[in-house]
There are 2 protein chains.
Amino acid sequence: MLSLTEENYLKAIYHLSDGGSKSVLTNEVADAMSTKPASVTDMVKKLSAKKLITYEKYYGVTITKQGKTDALNIIRKHRLWETFLVQKLNFHWDQVHEVAEQLEHIQSPLLIEKLDEFLNFPVADPHGHPIPDKNGKIHTGQQIPLCEVPGKKTVTVLAVNVKESSSFLQYLSKIGVYIGAKLAILDKAEFDGSIEIMIDGKKKVFVSKEASQNILVTP
Amino acid sequence: MLSLTEENYLKAIYHLSDGGSKSVLTNEVADAMSTKPASVTDMVKKLSAKKLITYEKYYGVTITKQGKTDALNIIRKHRLWETFLVQKLNFHWDQVHEVAEQLEHIQSPLLIEKLDEFLNFPVADPHGHPIPDKNGKIHTGQQIPLCEVPGKKTVTVLAVNVKESSSFLQYLSKIGVYIGAKLAILDKAEFDGSIEIMIDGKKKVFVSKEASQNILVTP
DNA sequence: TAAAAAGTTTAGACGAGTCTAAAAAATTAT
DNA sequence: ATAATTTTTTAGACTCGTCTAAACTTTTTA
Ligand SMILES: [Mn+2]
Ligand SMILES: [Mn+2]
Ligand SMILES: [Mn+2]
Ligand SMILES: [Mn+2]
């Protein structure tokens, strides 16, 4: 049984390690969790004692099989709740993260099972992020950042990289980008990496390199 | 901003004081919270410092105006979540309490506002308990325990007194009693206070004094 | 490759919430 | 009205999660 705090650390380590594929340094965790490195050291010792991560002094942590399983379950809950908030309660996609950050810690397997069913077994959350199934399996198709699309074809928005701030999401809504939107690439500016796109065949806009790196589309 | 623990204490004190109408002793709180009296003393000092209760050494605590408001908000959330679990996720009425005990602490006024709307502004939870409105106002009609119904009339089940255990709720389901059921009082046994009732004009059963005290009906 | 810088851990402290054991106050029984 | 009993509070300790300051290790720079 993990505490709320342990769950948050474990999830952060999972994300920082790209799903367990690389090791994570103390300072990275401290940054992500907005705590001090000393606090992280204490916590990684605890998670390590619980066999959820392996910890080598001065060289960072790696997530274990069990750690991955537990992290994925928290992520599953987080994303199911986000989906509920948007689909059933009409939250906007930039309003859900903080609430889901709380809801993900509710302990009730039955609740999650029933919520999943109520939502009709969704495969992606409002930001296009895959929802792990009850066995922790993630099935995602290929996604590439808009800035890496070769040539001038038309692509579909699959997901957005959403960090702390919700202002990027608000910006996307404002210009008309949403999950499923069709983006026709019209032009690419060499000097600043910005791209001119046509959204749903209706609206022409320029998006910065920064933005186009965080819009994930069909390859 | 109250901690989860403070919220649970405050709610317990609210309930033990019958909504603020009487003062509550340290040992009663300790019993209700399954903690030790020494822990209660510590906590009531904190709640008293926050002006949510008044505390007189050796003579127990009384809830303040603000304390009542805060307690009612937690109760509102608890009951809205219970309603959600039963109406939308098909939980049984004996499965919701523990989960709602967690969900009631989620901090998001927007969430509660939208949940209330999603549920169509319910006025009672699955156990027939009134849901305070967003201003903390409770509107309940008259309710009396089944055992106190005079004569042999037919009454409607309005609510059930549900304590820790869910086994009473399971028992009620088993014999066919639910919120809204019509109970015709057929006979009352003097010697043990048990009552013979006909449920929905279909099923005859005997209920104990103990049970009939915890079934609240129309007067 | 030695010095400087950056990153990490340890040591010690603190607040929240809990406990046990002992002291104090209130209640009750004699 | 005093003694016995019950209730409540205090004192001191413990865990969890956090912090700062100091010590230590690794990495970078010159
Ligand atoms: Mn969280
Ligand atoms: Mn998301
Ligand atoms: Mn609770
Ligand atoms: Mn209830």
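Per chain, numbering begins at 1; letters A, B, ... match sequence-line order. No hydrogens, no waters, no symmetry mates; every other heavy atom, side chains included, goes into these values.
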Exercise for the section: May I ask you to evaluate whether B/Lys45 reaches the phosphate of D/dT10, defined as a side-chain N or O under 4.0 Å from OP1 or OP2? Expected result: yes
Problem - Separation of D/dT8 C1' from B/Asp31 CG (nearest whole Å) - result: 14 Å
Handout entry: Value in whole Å for how far the C1' atom of C/dG7 lies from NZ of A/Lys36
Key = 14 Å
Fill in the blank from the handout: Against the side chain of B/Thr26, the closest entry in D/dT26, D/dT9, C/dT9 is D/dT9
Exercise for the section: Taking the six-membered ring for Trp and the single ring otherwise, decide whether the centroids of B/His97 and B/His127 are under 6.0 Å apart. Expected result: no
Practice task
Could you check whether the rings of B/Phe84 and A/Phe84 sit parallel, tilted or perpendicular, using 30° and 60° as the cut-offs?
Solution key: tilted
Exercise for the section: Between D/dC19, D/dT18, C/dT18, spot the one nearest the side chain of A/Tyr9, thanks. Expected result: D/dT18
Practice task
Please work out if B/Ser39 contacts a base, only the sugar-phosphate, or nothing of the nucleic acid, heavy-atom cut-off 4.0 Å.
Solution key: base
Handout entry: Spacing of B/Met43 atom CE relative to D/dT9 atom C1', expressed in whole Å
Key = 16 Å
Exercise for the section: Would you indicate what B/Thr5 reaches in the nucleic acid, counting non-hydrogen atoms under 4.0 angstrom: base, sugar-phosphate, or nothing? Expected result: sugar-phosphate
Handout entry: D/dC24 phosphate, OP1 or OP2, under 4.0 Å from A/Tyr58 side-chain N/O
Key = no
Practice task
Return the 5'-most residue of the pair A/Tyr59, A/Ala38 with respect to DNA chain D, ranking by each residue's nearest nucleotide.
Solution key: A/Ala38
Exercise for the section: Could you state the atom-to-atom distance from CE of B/Met33 to P of C/dT18 in whole Å? Expected result: 7 Å
Handout entry: Most 5' of A/Asp42 and B/Val40 on DNA chain D, judged by nearest nucleotide
Key = B/Val40
Exercise for the section: Kindly say whether B/Ala124 contributes a backbone atom to a donor-acceptor pair with the side chain of B/Arg79 at under 3.5 angstrom? Expected result: no
Exercise for the section: For A/Thr69 and A/Lys65, indicate whether the former's side chain and the latter's backbone hold a donor-acceptor pair under 3.5 Å. Expected result: yes
Problem - Distance below 4.0 Å between A/Asn27 side-chain N/O and C/dT8 OP1 or OP2 - result: yes
Practice task
Rounded to the nearest angstrom, tell me the gap between atom CG in B/Leu4 and atom P in C/dG15.
Solution key: 21 Å
Exercise for the section: Please answer whether the main-chain N or O of A/Lys51 pairs with a side-chain N or O of A/Thr64 as donor and acceptor at a distance below 3.5 Å. Expected result: yes
Practice task
Examine D/dC24: is either OP1 or OP2 under 4.0 Å from a nitrogen or oxygen in the side chain of A/Lys57? Give yes or no.
Solution key: no
